[in-house]
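Here the structure is laid out as structure tokens; the discussion comes afterwards.
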Amino acid sequence: MTEPVTSRLREMRWWDIDRVLELEKDLFPEDAWSRGMFWSELAHARGPEATRRYVVAEDGEGRVVGYAGLAASGDLADIQTIAVTREQWGTGLGGRLLAELLRAATAFECAEVMLECRIDNIRAQKLYERYGFEAIGFRRGYYQPGNVDALVMRLTTQSDSGSAAGPTSERETEIHG
């Protein structure tokens with residue numbers, strides 16, 4: 001297991017885009033987002049009509065070691081992206097980013113949270129399952145140009161609290177994804 005490194009989460013801003021793009025291109029070389037895609041998402045992340053929540057994780061030296069984003073529309077939220085540097089795999093940072101997006105979905109008063117995950121990304125699928133996501137279908141050839149299928153997953157908020165679910169057991173809060 002990787003030694004945990006303290007990182008702090010904060011709102012993603014336009015000046016983070018270049019550092020996020022470096023990580024994006026490293027982790028998703030075939031289907032990395034463009035600068036324009038991040039600009040477009042961040043344009044909807046502030047103000048009274050905000051429908052997006054994007055965060056970055058910085059290590060103690062100010063290096064971006066992860067980022068995540070969520071879009072909301074009505075009572076439906078969609079996790080747009082979650083990424084963590086390879087050096088941070090196994091530290092729980094992916095779970096912290098996901099938990100932050102689920103808090104945002106609750107703040108947006110969303111009843112469901114959806115996401116697509118590469119069919120070959122078992123690590124991410126296990127993380128999402130620990131937080132209560134269930135597989136509901138596939139999108140054939142979703143990730144281009146590699147023509148990789150996506151697993152579509154959904155989380156329904158907890159009916160008793162109106163908030164998005166966290167890990168499905170106390171023990172799983174200690175499992176690092």
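Keep in mind that the numbers below use all heavy atoms, side chains included, and drop hydrogens, waters and symmetry copies. This chain uses plain numbering: 1 for the first residue, then up along the sequence.
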Suppose clustering is done on Ile, Leu, Val, Met, Phe, Trp and Tyr with side-chain heavy atoms closer than 4.5 Å. Which residues sit in the same group as V152? L76, M114, I136

Side chains of R96 and S7, donor plus acceptor under 3.5 Å: yes

Can you tell which of D16, V56, I17 makes a side-chain contact (heavy atoms from CB on, under 4.5 Å) with Y67? V56

D149 versus R139: any side-chain heavy-atom pair under 4.5 Å? no

So, are R8 and D59 salt-bridged, with charged N and O less than 4.0 Å apart? no

Evaluate the side-chain proximity of V113 to R154: yes if any heavy-atom separation is below 4.5 Å, no if none is. no

Can you tell me how far CZ of F133 sits from SG of C117, rounded to the nearest 0.5 angstrom? 10.5 Å

Can you give me the closest heavy-atom contact between G146 and E30, atom names plus distance? CA-OE1, 3.4 Å

Less than 4.5 Å apart, any side-chain heavy atom of D120 and any of V148? yes

State, yes or no, whether a side-chain contact exists between V64 and E22 at a heavy-atom distance under 4.5 Å. no

Applying a strict under-4.5 Å side-chain criterion to I, L, V, M, F, W and Y, I'd like to know whether I122 and L115 cluster together. no

Should R63 and E58 count as side-chain neighbours, where that means a heavy-atom distance under 4.5 Å? no

How many angstroms lie between OG in S40 and CZ in R35, if you round to the nearest 0.5 Å? 14.5 Å

Carefully, step by step, assess R19 and E24 under the rule side chain to side chain contact (heavy atoms under 4.5 Å, CB included). CA-CA 9 Å; R19 295 186 303 159; E24 176 82 4; over 6 Å; no

Can you name the closest pair of heavy atoms from L98 and Y128 and give their distance? CD2-CD2, 3.8 Å

Aromatic plane relationship, W33 with F38 - under 30° parallel, 30 to 60° tilted, over 60° perpendicular: tilted

Please confirm whether the backbone N or O of T106 pairs with a side-chain atom of E109, one donor and one acceptor, at under 3.5 Å? no

Atom CZ of F28 and atom CZ of R118: how far apart are they, to the nearest 0.5 Å? 8.5 Å

Hey, does R123 have a side-chain heavy atom less than 4.5 Å from the side chain of W89? yes

Give the minimum heavy-atom separation between L151 and A135, together with the two atoms involved. CD1-CB, 3.6 Å

Write down the atom of A77, the atom of L70, and the distance for their closest heavy-atom approach. CB-CD1, 3.8 Å

Within 45° cone and under 6.0 Å: R140 NZ/CZ vs Y142 ring: no

Crowded around Q144 CD? As in, over 12 foreign heavy atoms under 6.0 Å? yes

Taking side chain as C-beta onward, heavy atoms only, is L155 less than 4.5 Å from L102? yes

Is there a side-chain contact between L9 and L93 (heavy atoms, below 4.5 Å)? yes

Under 3.5 Å, is there a donor on one side chain and an acceptor on the other for Y54 and E41? yes

Cationic N near anionic O, under 4.0 Å, E100 to R53: yes

Taking all heavy atoms of N121 and all of A124, pick out the closest pair and write down the distance. OD1-N, 3.1 Å

Only one of I79, L127, V55 passes side-chain contact (heavy atoms from CB on, under 4.5 Å) with L97; say which it is. V55

Heavy-atom closest pair (L42 atom, M12 atom, distance to 0.1 Å) is CD2-O, 3.7 Å

